[in-house]
Novice: 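Next up is a structure, given as structure tokens.
Nothing here was measured: the structure is a model prediction, and the numbers come from that model.
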Amino acid sequence: MPSDILQTSFLAIVQGITEYLPISSSGHLILPRVLFGWEDPGLIFDVAVHVGSLLAVVFYFWRQIVVLAFAWFRSVGTRQQNEDSRLAWLIILATLPAGVTGFLFDDAVEQYGRSVLLIAITSVIFGALLWLADRPDKSRSGIATLTWKTALVIGVAQVFALIPGTSRSGVTMTAGLFIGLSRRAASQFSFLLAIPIIAASGLLKGVEFYQAGGTPSEWIVLLYAGLLAAVVSWLCIHYFLQLIERIGFLPFVIYRILLGGVLLTIYLVR
């Protein structure tokens, strides 16, 4: 966990900026350690700032989330579907692959997933895939055109986000673009898909931290970091959705490749 308020604030802001942009939050959270010699903040800190980012997406889409939740419960009771209940079921379906895989391989991710070399490689590879997927096409469709098959494709793609440097939002947006969604639709589904997976991860790690006897001061640090990440994430979601149809994903692709090059250089020369 960060040792002072400056480090805590810096890392929380970095998380808030990078979580919903397709540029890998884990790649940026590892940079201060290799550049400035800071201690690894640890997975529990990562989870805390991810939960902050979760609060941001819930607040941003709260009206749609309420509608989806009511529609889903109604569909369970009446077995009648509408567009909203169908989207809710697709989000649940798309969550299952990463949820099950993360539960089974959580220890391996925590032990081997914080490698500078690994993050450098995945940043470049998945950046290139995003570039290939982002082709202007007037025939691209909205989120209502998702089927259980295409939602499952995005869900399977989200499994790769367990590899640090991949970017959860980046890989799900990439999959959405490959199956023909518009930039905004792919981004919106990616943001909604983040809710159950981050919530489950945050609950699991929070229970583990509580059982390990986290001190009140540590909880305060985590709470502060989470709230700061939430504010910054909300701003990023808002402006990203406003601009993505206009600017496309190329700036993020270039940035990812540059980031991967910097990390690879650091790995080779240190």
Novice: Quick one: do Val49 and Ile13 end up in the same hydrophobic cluster if we chain Ile, Leu, Val, Met, Phe, Trp and Tyr together by side-chain heavy atoms under 4.5 Å apart?
Specialist: yes
Novice: How about Phe160: does its CZ atom have over 12 heavy atoms from other parts shown lying under 6.0 Å from it?
Specialist: no
Novice: Answer yes or no: is there a side-chain heavy-atom contact under 4.5 Å between Phe189 and Thr172?
Specialist: no
Novice: So, Arg140 side chain and Leu177 main chain: donor-acceptor pair closer than 3.5 Å or not?
Specialist: yes
Novice: Measure the shortest side-chain to side-chain distance between Trp89 and Ser75 over non-hydrogen atoms and say whether it is less than 4.5 angstrom.
Specialist: yes
Novice: Counting only N and O atoms by type, is there a donor-acceptor contact under 3.5 Å from the side chain of Thr122 to the main-chain atoms of Pro164?
Specialist: yes
Novice: Are Phe10 and Val231 connected into the same hydrophobic cluster when the rule is that any two of I, L, V, M, F, W, Y join if their side-chain heavy atoms are below 4.5 Å apart?
Specialist: no
Novice: Centroid-to-centroid, Tyr255 to His28, below 6.0 Å?
Specialist: yes
Novice: Out of curiosity, does Ile17 fall in the hydrophobic cluster containing Val262 (side-chain heavy atoms, cut-off under 4.5 Å, transitive links)?
Specialist: yes
Novice: Which heavy atom of Leu241 sits nearest a heavy atom of Arg184, and at what distance?
Specialist: O-NH1, 2.8 Å
Novice: Could you check whether Thr150 and Thr147, counting side-chain N and O atoms only, form a donor-acceptor pair closer than 3.5 Å?
Specialist: yes
Novice: Distance from Leu90 atom CG to Ile143 atom CD1, nearest 0.5 Å?
Specialist: 9.0 Å
Novice: Heavy atoms, side chains only, cut-off 4.5 Å: are Ser53 and Gln15 in contact?
Specialist: yes
Novice: Can you tell if the side chain of Phe45 reaches within under 4.5 Å of the side chain of Thr8, non-hydrogen atoms only?
Specialist: yes
Novice: Do you see a donor-acceptor pair shorter than 3.5 Å between the side chains of Ser9 and Tyr224?
Specialist: yes
Novice: For Met173 versus Tyr20, what's the shortest heavy-atom pair and its separation?
Specialist: CE-O, 3.6 Å
Novice: Do the side-chain N and O atoms of Gln158 and Arg168 include a donor-acceptor pair separated by under 3.5 angstrom?
Specialist: yes
Novice: Indicate, with yes or no, if Ile237 and Tyr239 share a hydrophobic cluster defined by side-chain heavy-atom contacts under 4.5 Å among Ile, Leu, Val, Met, Phe, Trp and Tyr.
Specialist: yes
Novice: Which atom pair, heavy atoms only, marks the closest approach of Phe191 to Val57?
Specialist: O-CG2, 3.6 Å
Novice: Assert yes or no for the condition that the ring centre distance of Phe252 to Phe240 is strictly below 6.0 Å.
Specialist: yes
Novice: Does atom OH (Tyr267) have a neighbourhood of more than 12 heavy atoms from anything else shown, all under 6.0 Å?
Specialist: no
Novice: Which heavy atom in Gly16 sits nearest to a heavy atom in Cys236, and how many Å separate them?
Specialist: O-SG, 3.7 Å
Novice: More than 12 heavy atoms of other residues, nucleotides or ligands under 6.0 Å from CD of Glu83: is that the case?
Specialist: no
Novice: Report yes if some heavy atom in the side chain of Ile179 is under 4.5 Å from a heavy atom in the side chain of Ile154; otherwise report no.
Specialist: yes
Novice: Look only at the side chain of Ser167 and the backbone of Ala161, and say whether a donor-acceptor pair between them is shorter than 3.5 Å.
Specialist: no
Novice: Sub-3.5 Å donor-acceptor pair from the side chain of Thr101 to the main-chain atoms of Pro97, do we have one?
Specialist: yes
Novice: To check you understand the geometry: which heavy-atom pair defines the closest contact between Ile91 and Pro196, and what is its length?
Specialist: CG2-CG, 4.2 Å
Novice: Are Leu223 and Leu55 co-members of a hydrophobic cluster defined by side-chain heavy atoms under 4.5 Å apart?
Specialist: no
Novice: Treating Arg183 as the side-chain partner and Glu245 as the backbone partner, does any N or O pair qualify as donor plus acceptor under 3.5 Å?
Specialist: yes
Novice: Say you draw a straight line from CD1 of Ile195 to CD1 of Ile65; how long is it, rounded to the nearest 0.5 Å?
Specialist: 3.5 Å
Novice: Does Ser123 reach the main-chain N or O of Ala120 with its side chain, forming a donor-acceptor pair under 3.5 Å?
Specialist: no
Novice: Would Leu93 and Trp148 count as a side chain to side chain contact (heavy atoms under 4.5 Å, CB included) here? Give the steps.
Specialist: CA-CA 8 Å; Leu93 175 66; Trp148 71 266; 3.8 Å; yes
Novice: Just how far is it from atom OH of Tyr60 to atom NE2 of His238, taken to the nearest 0.5 Å?
Specialist: 5.5 Å
Novice: Does the side chain of Thr145 come within less than 4.5 Å of Leu181's, by heavy atoms?
Specialist: yes
Novice: Taking all atoms of both residues into account, what is the closest heavy-atom pair of Leu54 and Ile198, and its distance?
Specialist: CB-CG2, 3.8 Å
Novice: Would the distance check show the side chain of Asp84 and the main-chain N or O of Val67 forming a donor-acceptor pair, the cut-off being under 3.5 Å?
Specialist: no
Novice: Could you tell me the separation between the CG atom of Leu118 and the OG1 atom of Thr166, rounded to the nearest 0.5 Å?
Specialist: 7.5 Å
